[in-house]
Protein chains: 2
Amino acid sequence: MDEDAVFRALADGSRRRLLDRLHARNGQTLGELCEGLEMTRQAVTKHLGILEEANLVSTRRQGREKLHYINPVPINEIADRWISKFERHALEALSDLKKSLEGSKDE
Amino acid sequence: MDEDAVFRALADGSRRRLLDRLHARNGQTLGELCEGLEMTRQAVTKHLGILEEANLVSTRRQGREKLHYINPVPINEIADRWISKFERHALEALSDLKKSLEGSKDE
DNA sequence: TAAATATGGAACCATTTGGTTGCCTATTGC
DNA sequence: GCAATAGGCAACCAAATGGTTCCATATTTA
């Protein structure tokens with residue numbers, strides 16, 4: 001997995017909203033994903049391309065339509081490998097911070 | 001929490017590495033965080049500023065030094081509120097994808 | 001087959017981003 | 001007090017980003 005591609009793909013709110021839409025209903029066409037968005041179709045195409053490059057979305061051509069499917073694997077990998085690393089010591093880090101802030105009061 | 005600020009802060013590899021460094025040893029000064037990086041101090045300052053705006057890093061001035069502390073709360077919120085939404089239905093979505101891919105073989 | 005529909009490609013544009021350099025301020029140690 | 005150290009500020013720059021418009025291609029459908 002290209003961690004950097006995934007993080008950068010997730011950095012944009014429009015792309016996260018597209019993932020939300022696919023999460024709500026998987027297998028939508030480009031046209032369906034464009035509905036109600038204040039963006040041209042081409043802008044959406046670009047966003048979907050970035051999501052596809054990051055492997056967050058898979059596609060399948062059906063006739064003249066292109067169906068889009070969310071791929072949760074990279075998100076799970078981010079959660080497992082990267083975020084859990086920080087979660088694991090979350091309380092510890094918080095308590096470190098508290099201690100150091102308390103310490104600063106005495107100075 | 002400003003979800004967008006957090007995602008955008010995490011989008012850059014240099015910033016994720018800075019978080020890694022703070023995760024390894026909390027409370028480092030700007031100078032320490034610069035050591036061994038192929039970047040000017042000012043570039044690191046900017047990155048830390050972005051992490052601070054996203055509330056991923058807290059700072060504390062001690063004399064002429066500035067100590068940096070990782071704040072795991074926003075990362076946990078991302079994990080809890082956003083990522084878990086996708087994890088929850090991860091297998092389901094995967095099986096949807098499989099089914100649709102299998103379906104396409106017959107066409 | 002011709003029109004309508006669904007998508008793709010590429011050029012172009014403004015803004016953001018990640019980085020630099022140069023200089024300034026504040027603290028500390030001799 | 002003065003030099004060294006730690007950090008801050010601002011201007012500037014190239015490249016990436018998010019968006020547009022215009023046009024082309026492929027598939028349906030009347």
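Numbers restart at 1 for each chain; the letters A, B, ... are given by sequence-line order, proteins then strands. Predicted, not measured: the structure shown is a model, and the values here were computed from it.
- Comparing D/dG7, D/dT20, C/dA6 by their closest approach to the side chain of A/Thr40 singles out D/dT20.
- Residue B/Gln42 has its side chain nearest to D/dA10 when only D/dA10, D/dG18, C/dG8 are considered.
- Atom pair A/Arg61:CZ and C/dA6:C1' shows a separation of 7 Å (rounding to whole Å applied).
- Rounded to whole angstrom, the span from the CG atom of B/Asp4 across to the P atom of D/dG18 amounts to 11 Å.
- Closest approach of A/Val6 and A/Pro74 over heavy atoms only: CG2-CB, 3.8 Å.
- Residue A/Leu18 contributes atom CG, which lies 13 Å from atom C1' of D/dG18 at whole-angstrom precision.
- Ion pairing between A/Glu3 and A/Arg81 fails under the 4.0 Å rule for side-chain N and carboxylate O.
- Between A/Met39 atom CE and D/dG19 atom P the separation is 5 Å, expressed in whole Å.
- Nearest to the side chain of A/Arg8, among D/dT17, D/dG18, D/dA6, sits D/dT17.
- Counting only heavy atoms from C-beta on, A/Arg15 has its side chain closest to D/dG18 among D/dG18, D/dG7, C/dG19.
- A/Asn71 contributes a side-chain N or O that, together with a main-chain N or O of A/Asn55, makes up a donor-acceptor pair within less than 3.5 Å.
- In the set C/dT20, C/dT7, D/dT5, C/dT20 carries the atom at the smallest distance from any side-chain atom of B/Ala43.
- Atom CD of B/Glu65 is separated from atom P of C/dG29 by 10 Å (rounded to the nearest Å).
- Between A/Glu35 atom CD and C/dT5 atom P the separation is 14 Å, expressed in whole Å.
- Closest to the side chain of A/Lys46, out of C/dA6, C/dG18, D/dG18, is D/dG18.
- Remark: P of C/dT5 and CD of A/Gln62 are 19 Å apart, rounded to the nearest angstrom.
- Toward the 5′ end of DNA chain D lies the nearest nucleotide of B/Leu67, the other residue of the pair B/Leu67 and A/His47 mapping further downstream.
- For A/Arg41, whose side chain is taken as the heavy atoms from C-beta onward, the closest listed nucleotide among C/dG8, D/dG8, C/dT20 is C/dG8.
- Relative orientation of the A/His23 and B/Phe86 rings is tilted, given thresholds of 30° and 60° on the angle between their planes.
- Hydrophobic clustering, with ILVMFWY side chains joined whenever heavy atoms are under 4.5 angstrom apart, keeps B/Val73 apart from B/Ile50.
- Checked against C/dT28, C/dG8, D/dG8, the side chain of B/Lys66 finds its nearest nucleotide in D/dG8.
- Distance, B/Arg64 CZ to C/dG29 P: 6 Å, rounded to whole Å.
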